[in-house]
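All of these numbers come straight from a predicted model, not from anything done at the bench.
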Amino acid sequence: MLKNWIPEEVPSQEEIKERLEKARRELYDLQMKIKNRKLPVLVLFEGWSAAGKGSIIGRIIKNIDPRFFKVATMAVPTEEENRKPFLYRFVKQIPEGGKFTLLDSGWMEQTTREVLDGTLTEEKYETRIESIKRFERQLTDNGYLVLKLFFQIEKEEQDARIEKLLGDRDTEWRVSEYDRWQNGHYKKCRKVFGRYLTDTNLPAAPWYIVNAGEKKWAELQVMETLVSAIEVALQNEAHSVPLLQNVFPLKKTPELKDVELAGKVLEDEEYKSELKRLQKRLGELHNRLYRKRVPVIITYEGWDAAGKGGNIKRITEALDPRGFEVHPIASPEPHEKARHYLWRFWTRLPKDGHIAIFDRTWYGRVMVERLEGFCSENDWKRAYNEINEFEKELTDWGAVLIKFWVHIDKDTQLLRFTERQNHPEKQWKITEEDWRNREKWDLYEEAVDEMLQKTSTVYAPWHVLESVDKKYARIKALKIIIGELEKVLD
């Protein structure tokens, strides 16, 4: 894109001034429309060192109510961020509906820097690009306005700006070693930047190249592009997004009606013996996980009263409490509901070497939200592919991802519900919502079968735990977890 880019003719200073005043008024007026429509706006400022991104951001935000925006400078990732998936620190920054987030550099800068310093191989670059394209597409599919700006200056202009900064003791600190290196290798950097821009120039999230050679002109280009993009986004009514064909290999999973529950029983003596042996082995593997920096994510879905809590308890009993966290997932909080539905799970991912256990998960999108009408039909149908993409991101990162469906029959659930209802010490476990959900058993079973069929991938398959006998299910879960960990540790 940079090679073939032809800059627009620069208007007169008088015209720039008039158009800037108009664009500032328009942006100011658009704020309430954005707030009322709950439109989330993510603006990515990328470009050459010394191209003026920071100063332009400063001018832009003067036209936005400070309650409605956040600016994040995405410098070199911290040690903590390096122990999470690549996209983690960027997903954290996405705005709530009705607000702006302006990123001073982002996933382009980190990716191109890693290409330039040789840490990102060609194969890893291709994987990274696919990851970024999926991320941006998911945002736009879920109603985000993603505006990507690349600030272009020529080498001579960069030379002059860097020299000016270095000539003043109050500004010389702003010039990093990378800035100097980039300036000295301008042609090599331009080639890498140009390739990246071409590779990630998406229909719903295109790149806008800003001629940043003159600051007022650069500000006008950004302002008019931002105003135009917001106006188009506000004019677009909510519509169905085309459903993408699944491209990930699937592993055949039986329908729930075909899962044999009878006879899956353990006697107390065998259960206690196996529990002790397996917990000891899991504890040994946990120590090795930390040393080898392998992240583990264990997810639980299942029928109400199926025994998820007890199952989780027998796993955590074997683990060092400093190395795991259990996330009980309830209805989303307002600030979570105002963002992409996967945001609250991205922000709960473990560091490498640690374990995260989710009691309920992102699969609520295709079960509860689907059946209770909390999202549109297009939303939940689209979610199957989005979830497969999310889980591919996790396993590409190196995570061991283990997914359990804890299964019982309808009669067993009724017995357990009744027992909870009749025992004062257990009544807190049963709610009116549990009884209402039970009335929709057949609808939920249909939704679960579709979920298992469409999201049991070869890299993140579903494991069904037969839990009419909770002891049997606990031992089976421990064996599966140990088996998966041994694959990566032994």
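In this structure, the side chain of Asn378 engages the main chain of Val241 through a donor-acceptor pair within 3.5 Å. Of the possible polar contacts, one joining the Arg348 side chain to the Arg344 backbone as a donor-acceptor pair under 3.5 Å is found. The closest donor-acceptor contact from the side chain of Thr455 to the backbone of Tyr384 lies at 3.5 Å or more, if one exists at all. No donor-acceptor distance shorter than 3.5 angstrom exists from the side chain of Trp462 to the backbone of Phe404, with no hydrogens or angles considered.
Side chains of Gln93 and Lys70: a donor on one and an acceptor on the other come within 3.5 Å. Residues Arg339 and Asn142 bring no donor and acceptor atom of their side chains to less than 3.5 Å of each other.
Every side-chain hydrogen bond (donor to acceptor under 3.5 Å, both in side chains) that Ser176 has, sequence neighbours left out, goes to Asp179. Scored by the side chain to side chain contact (heavy atoms under 4.5 Å, CB included) test, Glu325 finds His327 as partners (sequence neighbours excluded). Evaluation of the side-chain hydrogen bond (donor to acceptor under 3.5 Å, both in side chains) rule for Asn287 yields no partner, not counting sequence neighbours. Shown here are the side chain to side chain contact (heavy atoms under 4.5 Å, CB included) partners of Thr225, two or more places apart in sequence or in another chain: Leu147, Leu149, Tyr208. Every ring-ring contact (aromatic ring centres under 6.0 Å, His included) that Phe390 has, sequence neighbours left out, goes to Trp346, Trp362.
Within a 6.0 Å radius of NZ in Lys292, other residues, nucleotides and ligands contribute more than 12 heavy atoms. Heavy atoms of other residues, nucleotides or ligands lying less than 6.0 angstrom from NZ of Lys35 number 12 at most.
Gln110 has its side chain within reach of Arg89: a pair of non-hydrogen atoms, C-beta onward, lies under 4.5 Å apart.
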- Go through the steps to decide whether Tyr300 and Phe358 satisfy the test ring-ring contact (aromatic ring centres under 6.0 Å, His included), and finish with yes or no. CA-CA 6 Å; Tyr300 279 84; Phe358 288 88; over 10 Å; no
- Task: Let me see the working for Glu450 and Arg370 under salt bridge (Lys or Arg N to Asp or Glu O under 4.0 Å), right down to the final yes or no.
- Result: CA-CA 12 Å; Glu450 187 171 1; Arg370 165 184 175 173; 3.0 Å; yes
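In summary, of the residues considered (Ile297, Ile355, Leu489, Leu485), a side-chain contact (heavy atoms from CB on, under 4.5 Å) with Val400 occurs for Leu485 alone.
For residues 478-488, the set of pairs meeting the salt bridge (Lys or Arg N to Asp or Glu O under 4.0 Å) definition, not counting sequence neighbours, comprises Glu274-Lys479, Arg281-Glu486, Glu484-Lys487.
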